[in-house]
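Please read the structure below before turning to the comments.
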Amino acid sequence: MAKKYWLMKTEPSSYSITDLANEKKQTTCWDGVRNYQARNFMRDEMKIGDSVLLYHSNAKPPAVVGTAVIVRESYPDFTAWDKNSKYFDPKSSQTEPRWFMVDIQLDQTFAEPIALDALREVKALDDMVLLQKGSRLSVQPVRKKEFDTILKLAGRKK
DNA sequence: GCCAACGTTGGC
DNA sequence: GCCAACGTTGGC
């Protein structure tokens with residue numbers, strides 16, 4: 001199976017790329033996803049070694065801030081079972097888990113975040129899911145061409 | 001803080 | 001299975 005590319009959103013006020021950088025082994029479980037489409041991508045399609053763009057939403061400015069890799073494939077999101085978690089979902093049981101997550105490890109933090117505005121100016125990114133009107137999927141596929149384009153932008157000297 | 005665009009829920 | 005009401009996302 002060919003390597004796939006993804007984009008995962010997070011609000012830096014709740015969990016930022018800096019938080020990821022400070023984790024043991026710079027690895028974390030991507031918990032709290034409560035959208036079926038996003039869940040399906042994590043549960044069914046993400047494989048170890050796939051690359052991920054990390055995106056800060058509700059940030060100033062909203063931007064792609066770095067990359068990560070999948071280091072553990074889907075397993076039940078146990079926060080759904082925890083009554084004290086804000087991600088608690090009484091409809092998810094141990095025997096029939098409703099929500100899943102993967103583990104990701106930080107790959108690189110971009111020296112300069114690539115702002116949403118800048119992404120919109122790049123022709124090669126016109127079809128990116130992130131840039132489509134009304135798109136708010138928190139876990140979404142990215143084309144290799146798009147991933148490579150963004151890496152190139154990140155590497156460009158200012 | 002506003003609000004457009006989506007997604008989910010639940011009555012019927 | 002429709003759809004109105006409600007809740008959430010996320011840029012601005």
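Reminder, nothing fancy here: chain letters follow the sequence lines and each chain counts from 1.
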**Request:** Decide whether A/Asp103 and A/Trp30 meet the rule of one side-chain donor and one side-chain acceptor closer than 3.5 Å.
**Result:** no

**Message:** Hydrogens and angles aside, do A/Arg43 and A/Tyr75 bring a side-chain donor and acceptor to less than 3.5 Å of each other?
**Reply:** no

**Message:** Suppose we screen for salt bridge (Lys or Arg N to Asp or Glu O under 4.0 Å). Which residues come up paired with A/Arg143, at least two apart in sequence or across chains?
**Reply:** A/Glu146

**Asked** Hey, which of these two, A/Gly134 or A/Arg34, hits DNA chain B nearer its 5' end, going by closest nucleotide?
**Response** A/Gly134

Tabulate below the donor-acceptor pairs under 3.5 Å that side-chain atoms of residues 16-23 of chain A make, not counting sequence neighbours, or state none.
| from | atom 1 | to | atom 2 | distance (Å) |
| --- | --- | --- | --- | --- |
| A/Ser16 | OG | A/Thr18 | N | 3.2 |
| A/Ser16 | OG | A/Asp19 | N | 3.2 |
| A/Ser16 | OG | A/Asp19 | OD2 | 3.4 |
| A/Asp19 | OD2 | A/Ser16 | N | 2.8 |
| A/Asn22 | ND2 | A/Thr18 | O | 3.3 |
| A/Glu23 | OE2 | A/Tyr15 | OH | 2.7 |

**Non-hydrogen atoms of A/Pro113 and A/Val65 that approach each other most closely** = CB-CG1, 4.0 Å

**Request:** Hey, which sits more toward the 5' end of DNA chain B by its nearest nucleotide, A/Lys91 or A/Lys133?
**Result:** A/Lys133

**Message:** I'd like to compare against my own output: the B/S/- annotation of nucleotides 6-12 of chain C with a strict under-4.0 Å heavy-atom distance to protein.
**Reply:** -BBBBBS

Which atom pairs link the protein and nucleotides 1-4 of chain C when you take only N or O atoms and keep those under 3.5 Å?
none

**Asked** Please, which pairs that meet side-chain hydrogen bond (donor to acceptor under 3.5 Å, both in side chains) have at least one residue in residues 58-74 of chain A, sequence neighbours excluded?
**Response** A/Glu11-A/Asn58, A/Thr67-A/Asp107

**Prompt:** Going from CG on A/Leu151 to CG on A/Leu53, what distance comes out if it is rounded to the nearest 0.5 angstrom?
**Reply:** 7.0 Å

**Asked** Among all residues two or more places apart in sequence or in another chain, which pass the side-chain hydrogen bond (donor to acceptor under 3.5 Å, both in side chains) test with A/Lys144?
**Response** A/Asp148

